[in-house]
Protein chains: 2
Amino acid sequence: MSRIDPEPTLQDEAARAGWLYYVGGLTQDQIAAELGVSRQRAQRLVSRAMAEGLIHVRLEHKIGACLQLEAELARRYGLGQCRVAPGLGAGADPARAIAGPAAALLEHYLARAEPQVIALGTGRALRAMVEELTAQDCERHHVVSLIGNIAPDGSASFYDVIMRIADKLHAPHYPMPVPVISDTPAERALFHSLRPVQAVVALVQRADVIFVGVGQMGDDAPLLLDKFVTTGQLRDMQGVGAAGEIAGWVFDATGRYIDCDANDRVGGVRIDAGREAPVIGVAAGATKVRAIRAALTGRLINGLVTDEPTARALLA
Amino acid sequence: MSRIDPEPTLQDEAARAGWLYYVGGLTQDQIAAELGVSRQRAQRLVSRAMAEGLIHVRLEHKIGACLQLEAELARRYGLGQCRVAPGLGAGADPARAIAGPAAALLEHYLARAEPQVIALGTGRALRAMVEELTAQDCERHHVVSLIGNIAPDGSASFYDVIMRIADKLHAPHYPMPVPVISDTPAERALFHSLRPVQAVVALVQRADVIFVGVGQMGDDAPLLLDKFVTTGQLRDMQGVGAAGEIAGWVFDATGRYIDCDANDRVGGVRIDAGREAPVIGVAAGATKVRAIRAALTGRLINGLVTDEPTARALLA
DNA sequence: GGCGCGAGTGAGTATTTACCCATGCGGTGA
DNA sequence: TCACCGCATGGGTAAATACTCACTCGCGCC
């Protein structure tokens with residue numbers, strides 16, 4: 001051998017073990033022998049490969065029932081893009097189910113040769129989508145955040161997906177240097193008067209495609225859990241018909257943004273109804289049905305990635 | 001439910017079971033319960049999903065050692081594209097290992113918005129590559145075969161990958177309506193004088209990318225096994241230094257096509273050395289090292305997808 | 001130097017999966 | 001009509017895998 005084997009990293013070993021297991025179909029005994037480690041270590045490497053997302057699994061077959069749901073959703077709500085993933089059973093996190101299909105749809109836009117401006121919201125669903133994304137070089141594209149990245153305590157927001165995706169794609173990226181929710185409308189206005197912020201907002205406005213999560217406004221609304229609103233404020237919004245939220249902007253059951261205190265302080269860019277460019281909602285779960293239906297009804301989103309039970313509920 | 005569940009097909013059920021197993025991480029017991037079938041049937045569905053290629057597994061982590069090999073191969077042989085997959089251990093079929101990476105590379109070209117002309121050779125490696133390919137709509141691209149598709153007995157050739165890939169991509173496709181190897185040079189010339197054949201040849205000549213297998217010329221050469229040459233002819237070619245073969249065209253250890261009887265009768269298009277457009281060799285295995293090295297040396301190919309042991313051997 | 005602390009290891013074991021085989025069901029041809 | 005064939009089914013069991021636990025080793029801290 002001409003070169004000294006540089007000590008393979010732990011991830012390298014895990015990747016190799018996972019490769020041998022999932023692609024090669026070897027047993028963990030055989031992997032242990034191949035790598036010269038104990039059987040237990042082989043097992044640990046394999047499960048680490050899975051846990052760290054080194055191994056991606058995708059389903060290459062559209063199940064008939066899902067196709068049908070896609071078609072019906074697209075027709076009913078006039079969607080440009082619609083993906084319905086099979087459900088994962090009662091207990092599972094629906095975000096897991098839709099992450100793969102959502103990532104595949106995003107990759108579809110990433111594959112374009114012309115530089116694309118891709119705007120992203122936040123949330124667990126988008127986070128999972130980015131996890132599933134294949135790393136690739138996309139210097140020509142721009143990823144831009146819809147939503148402020150400054151948490152209430154001044155730190156960078158925790159759920160921000162822009163940095164993660166930029167990391168995977170090596171693409172220029174534009175966080176929105178604005179509080180997620182400002183304390184006052186005046187503070188919000190001040191931030192939005194800054195030139196760098198305006199530049200990011202302008203970028204969002206001409207985005208070629210937008211991916212957003214859809215938040216629900218029940219008693220366990222993400223806005224509440226993340227401490228962006230108080231229980232009292234949440235109650236008030238529920239009182240005036242809040243049904244869901246996109247990028248922090250709260251709307252009612254018809255998909256019209258409601259007039260409330262919080263909406264005057266949201267740092268992110270509001271997605272207006274009936275946009276031309278694709279606005280893809282990535283969301284699933286029984287609790288979100290009302291919010292998603294509202295967003296679809298109001299044409300805040302014109303594309304949807306969801307799972308089977310949610311799709312059925314939306315059509316029911 | 002508004003619609004009657006149309007009896008899900010067996011494949012649908014298999015896909016769902018595989019999804020629940022590999023993506024959802026459910027046990028086969030849970031899947032059985034979810035689908036309302038017996039444990040054993042769930043097990044069968046899961047293994048069928050795998051066997052039918054409904055589930056695709058890819059490694060999302062470049063192992064350091066492989067990256068290094070890629071860089072060294074690219075430098076040593078001046079390659080435009082180079083992928084090295086981790087080996088799968090002694091017993092396994094190396095074609096399995098390289099199928100995924102090769103498919104990913106091909107998808108890279110398929111993703112282009114401008115219509116591409118993609119030329120393909122044949123062989124087990126390319127066959128496996130196509131199996132791994134994600135089905136998608138590529139009406140804008142053209143896939144064209146490098147190699148004749150008429151078997152010695154007049155039937156369509158068995159290994160032809162064009163039909164399979166066209167099936168997956170829904171792309172216009174151009175088999176080469178010529179015997180793989182004609183009986184006489186005159187017959188070959190006759191076929192090549194036909195206008196439809198010339199059209200296909202012209203298409204190959206302006207292909208944007210070419211994927212080929214690389215055949216070895218040992219005593220178990222594919223050309224012999226597929227009965228395209230006799231043992232005697234093979235010995236003769238070995239005698240004059242045959243090292244490998246691409247699309248049926250036999251070359252020596254320096255990558256120069258040799259002057260032999262078989263080369264006068266090969267139906268397919270010869271790939272000339274030093275082409276501008278990418279010519280990707282997809283090949284791995286200890287027996288093929290000599291052939292691949294020859295093809296690289298002669299610059300018959302300017303891209304390579306192989307596996308780790310083969311890469312090491314090529315650099316040794 | 002002694003003392004935890006945490007990460008990693010290998011043995012042992014419970015759970016899960018893959019394979020084998022006897023059985024039954026539906027279709028086919030005599 | 002009946003014997004036969006192919007094939008899917010589910011029970012059972014051997015193999016493989018995931019998990020638990022006690023232990024060691026290296027490291028920082030007292």
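The chains referred to below are lettered A, B, ... by the order of the sequence lines, with proteins before strands, and numbering in each begins at 1.
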DNA chain D: 5'-proximal contact among B:Q40 and B:L10 (nearest heavy atom): B:L10
Using whole Å, what does the distance between atom C1' of nucleotide C:dC19 and atom CZ of B:R39 come to? 15 Å
Using whole Å, what does the distance between atom P of nucleotide C:dT17 and atom OH of A:Y22 come to? 12 Å
How many whole angstroms separate atom CD of A:E13 from atom P of C:dG8? 12 Å
If you compare every side-chain N and O of A:S38 against the phosphate oxygens of C:dG10 (OP1, OP2), does one of them come in below 4.0 Å? yes
From CG of A:D29 across to C1' of D:dA14 the rounded distance in Å is 14 Å
Please state how far atom CG in B:L26 lies from atom C1' in C:dT16, giving the value in whole angstrom units. 13 Å
Does B:Q43 put a side-chain nitrogen or oxygen below 4.0 Å from OP1 or OP2 of C:dT17? no
Under a 4.5 Å cut-off applied to non-hydrogen side-chain atoms, are A:L69 and A:R312 in contact? yes
Side-chain N or O of B:Q28 versus OP1/OP2 of C:dA18: is the shortest distance under 4.0 Å? yes
Round to the nearest Å and state the distance from B:R48 atom CZ to D:dT9 atom C1'. 14 Å
Whole angstroms only, please: what is the CZ-P distance between B:R44 and C:dT17? 15 Å
So, the side chain of A:R96 versus the backbone of B:V23: is there a donor-acceptor pair under 3.5 Å, distance only? yes
Report yes or no: does A:W19 contribute a side-chain atom to a donor-acceptor pair with the main-chain N or O of B:L59 at less than 3.5 Å? no
Atom CZ of B:R41 to atom P of D:dA8: distance rounded to whole Å? 9 Å
OP1, OP2 of C:dT16 versus side-chain N and O of B:Y21: anything below 4.0 Å? no
Between A:R39 and A:E34, does the salt bridge (charged side-chain N to carboxylate O under 4.0 Å, His left out) criterion hold? Intermediate values first, please. CA-CA 11 Å; A:R39 188 154 34 76; A:E34 187 81 24; over 6 Å; no
